[in-house]
J.: 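Could you have a look at this structure, given as structure tokens, before my questions?
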There are 2 protein chains.
Amino acid sequence: MSKSNNVYKDAYNRCLRLLDETRSLPSEPELGILLGVSRTTVRSILARMEETGLIAWNKRAKTVLREPGADDFFPEEETDTLAQIIERSFMRRLLAGGAEAGMQINELELAREIGVGTTSVREFLIRFSRFGLIEKRRNSHWVLKGFTRAFALELTEIREIFEMRSAAAFAALPSDSPVWADLDRLEAEHHLLASQIATRFNEFSELDERFHRLIHRASHNRFIVDFYDVIAMIFHYHYQWNKAQERERNEVAVGEHLAYIEALKSRDLGKVDAACRRHLKSARQTLLTSIPESRLPMKS
Amino acid sequence: MSKSNNVYKDAYNRCLRLLDETRSLPSEPELGILLGVSRTTVRSILARMEETGLIAWNKRAKTVLREPGADDFFPEEETDTLAQIIERSFMRRLLAGGAEAGMQINELELAREIGVGTTSVREFLIRFSRFGLIEKRRNSHWVLKGFTRAFALELTEIREIFEMRSAAAFAALPSDSPVWADLDRLEAEHHLLASQIATRFNEFSELDERFHRLIHRASHNRFIVDFYDVIAMIFHYHYQWNKAQERERNEVAVGEHLAYIEALKSRDLGKVDAACRRHLKSARQTLLTSIPESRLPMKS
DNA sequence: TTAATGTCTTTTATCGTGAAAAAACAGTTT
DNA sequence: AAACTGTTTTTTCACGATAAAAGACATTAA
């Protein structure tokens, strides 16, 4: 097996959902843009839809024949990228404990264990290395640096520097900038979530990321924007891993975000500074408490 | 051809230089540590040295028979890593002009042009992407963002934030920290270089990097330390590219470094701040003047 | 009994290959 | 003519294979 057709499968599933809404599908190029894939993939999708009797396809005419059922969809797990599969698998091992700092990472073993080629694992590790959790020994193995207290502190230190700057830049944006409308929209979403926090608390994670990314974008600095990838990745797995008091934590965070948004809208730099600082401090605290007391570092 | 033996060749060359200094070589493991390679490679080196009559090798006895001549060395270009070759080639194209922002990068074409496999090019591009000069379109090609004025400004903005912090942390280090000795050594090297600036000005680049890395290490933050890789990479090629007033520029920079070192040693945060700021400002200026006026950005 | 050498095994670095997906080209329809 | 469909070419993605290099194990010398 050379390359999985997950792009096709994922796009196919998304296309199925489109079928509910219309009587006939748009042109091939239009569908390509809609689904974010090439026309080649669109045509494969259409071909299968015709085969399974979902649509009648003749040149421009693509008429919907029936509503898609549950079996028409490809299984979720077949729509993931190899990179996603490897990352998930790797992070599970990393967070599941037994991953001592200083431990060496074996490409071949990882590849075999996950059931993929070594090239994909190598490429993943190279991409992943920018998160600061692993390091390469020249001409030799990778070394795990570990998800330690030190890591969390270094990460949050930079995060705080960057976010304070971005927040200040955000507040200084002219009032006709479109970001204010984005902020209003996010504020409304926060209010909505706050009112339904008891049942929807687990949706905060995604809102959190969108909110902070909006702020970081105001820095107009690619290094600051890109650094948020590190934070997002860590928080993503952290949220999945640490479910203790999740509801309470998220409720507090929503409140902090609302105060932060309020401060931004006031454009008062002092207030922005204070609100931002308060939120970042509690975010750091949350992250730190989830990290087990570090064992003694190994001799390298 | 599957893998070049540049590790062996490079280590061989370095080992030849060792031959001048002694009558007999140390044990295999010791040599391995000295050269930074495995014993397997050491044995290949010894085998060849025996073959070419450089040494007599019998178990522990490795006696030098003759001084190595110029032809004993492997050609310099055969000792480079593939990664280095690709990087150089890529940077040449990037800096040689004709590399408009927005242009797409073709892995296959690059690989063919350099004469290497696509895997190596892919891995290079992934590693290189953290420098912020290129970006990947999902499931598709890479896009060149260009070595523009905006890039230089974003880079220097972060550099300045990080270095000011690191410098302050450095100055706060206890006097029994070994870094002060390192600083003294670097200061002496600066003085020496200053006195011979007319002929050795091109050696500044390397000294510059060592000096700044020493300071950044005081931050004890892997993200700050790692970020210096971006700066080092840019300055490395910048130094090679922009030879205008090289001597003058470096002479000024050496002076600034010496003032900066002086300030650090005084441990006076105000002085450190001022000296650091002055140097970073002129470094930014130097970088900016070397970038051609940016053309209008392309429509994406 | 420690530390070296000699030998064998495992892992990394790199390539060529082939399927998936994108992109380019050519011919049609409106 | 503009936008679409049909067809062909090119590029990306991922694999298995192989030489270089590292590492582990067994043996021998000091």
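These figures come from a predicted structure and were not determined experimentally. Within every chain, numbering begins at 1; the chains are lettered A, B, ... in the order of the sequence lines, protein sequences first and strands thereafter.
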J.: Taking side chain to side chain contact (heavy atoms under 4.5 Å, CB included) as the test, write out the residues that go with A/Thr52, two or more places apart.
T.: A/Tyr12, A/Arg48, A/Leu54, A/Arg66
J.: Of all residues at least two apart in sequence or in a different chain, which pass the salt bridge (Lys or Arg N to Asp or Glu O under 4.0 Å) check with A/Asp229?
T.: A/Arg130, A/Arg213
J.: Can you give each donor-acceptor pair under 3.5 Å made by side-chain atoms of residues 231-238 of chain A, sequence neighbours left out, with the distance rounded to 0.1 Å?
T.:
unit_1	atom_1	unit_2	atom_2	d
A/Tyr237	OH	A/Glu87	OE2	2.8
A/His238	NE2	A/Ser290	OG	3.1

J.: Can you name the residues that form a salt bridge (Lys or Arg N to Asp or Glu O under 4.0 Å) with A/Glu30, not counting sequence neighbours?
T.: none
J.: Can you tabulate the close N/O pairs, meaning under 3.5 Å, that link protein atoms to atoms of nucleotides 19-23 of chain C?
T.:
unit_1	atom_1	unit_2	atom_2	d
C/dA20	O3'	A/Ser4	O	3.4
C/dA21	OP1	A/Asn6	N	3.4
C/dA21	OP1	A/Val7	N	3.0
C/dA21	OP1	A/Tyr8	N	3.3
C/dA22	OP2	A/Ser38	N	2.8
C/dA22	OP2	A/Ser38	OG	2.8
C/dA22	OP2	A/Thr41	OG1	2.6
C/dA22	O5'	A/Ser38	OG	3.4
C/dA22	N7	A/Thr40	OG1	2.6
C/dA23	OP1	B/Ser140	OG	3.0
C/dA23	OP1	B/His141	ND1	3.4
C/dA23	N6	A/Thr40	OG1	3.1

J.: With axes from five pairs an end, tell me the bend angle of the helix from C/dT1-D/dA30 to C/dT30-D/dA1, nearest 10°.
T.: 30°
J.: With a 4.0 Å heavy-atom cut-off, tell me which residues in residues 116-125 of chain B come close to DNA chain C, sorted by residue number.
T.: B/Val116, B/Gly117, B/Thr119, B/Ser120
J.: Has A/Asp10 got a side-chain atom pairing as donor or acceptor with A/Val7's backbone, closer than 3.5 angstrom?
T.: no
J.: Touch check for B/Ile105, heavy atoms < 4.0 angstrom, all strands: base, sugar-phosphate only, or nothing?
T.: sugar-phosphate
J.: Hey, can you pull the donor-acceptor pairs under 3.5 Å for the side chains in residues 56-65 of chain B, sequence neighbours left out?
T.:
unit_1	atom_1	unit_2	atom_2	d
B/Trp57	NE1	B/Lys59	O	3.2
B/Lys62	NZ	B/Pro26	O	3.1

J.: Among residues two or more places apart or on two chains, list those pairs meeting ring pair (Phe, Tyr, Trp, His ring centres under 6.0 Å) that have a residue in residues 15-37 of chain B.
T.: none
J.: Suppose we screen for salt bridge (Lys or Arg N to Asp or Glu O under 4.0 Å). Which residues come up paired with A/Arg39, at least two apart in sequence or across chains?
T.: A/Glu28
J.: For DNA chain C, what residues of residues 72-86 of chain B have any heavy atom nearer than 4.0 Å?
T.: B/Leu82
J.: Do any N or O atoms of the protein come closer than 3.5 Å to N or O atoms of nucleotides 27-30 of chain C, and which pairs are they?
T.:
none

J.: When the ring planes of B/Tyr228 and B/His216 are compared, do they come out parallel, tilted or perpendicular, using 30° and 60° as the limits?
T.: tilted
J.: Verify, without hydrogens or angle tests, whether A/Asp80 (side chain) and A/Ile85 (backbone) share a donor-acceptor contact under 3.5 angstrom.
T.: no
J.: Phosphate oxygens OP1/OP2 of C/dG6: is one of them under 4.0 Å from a side-chain N or O of B/Arg43?
T.: yes
J.: Heavy-atom count around B/Arg17 CZ within 6.0 Å, excluding the residue itself: above 12?
T.: yes
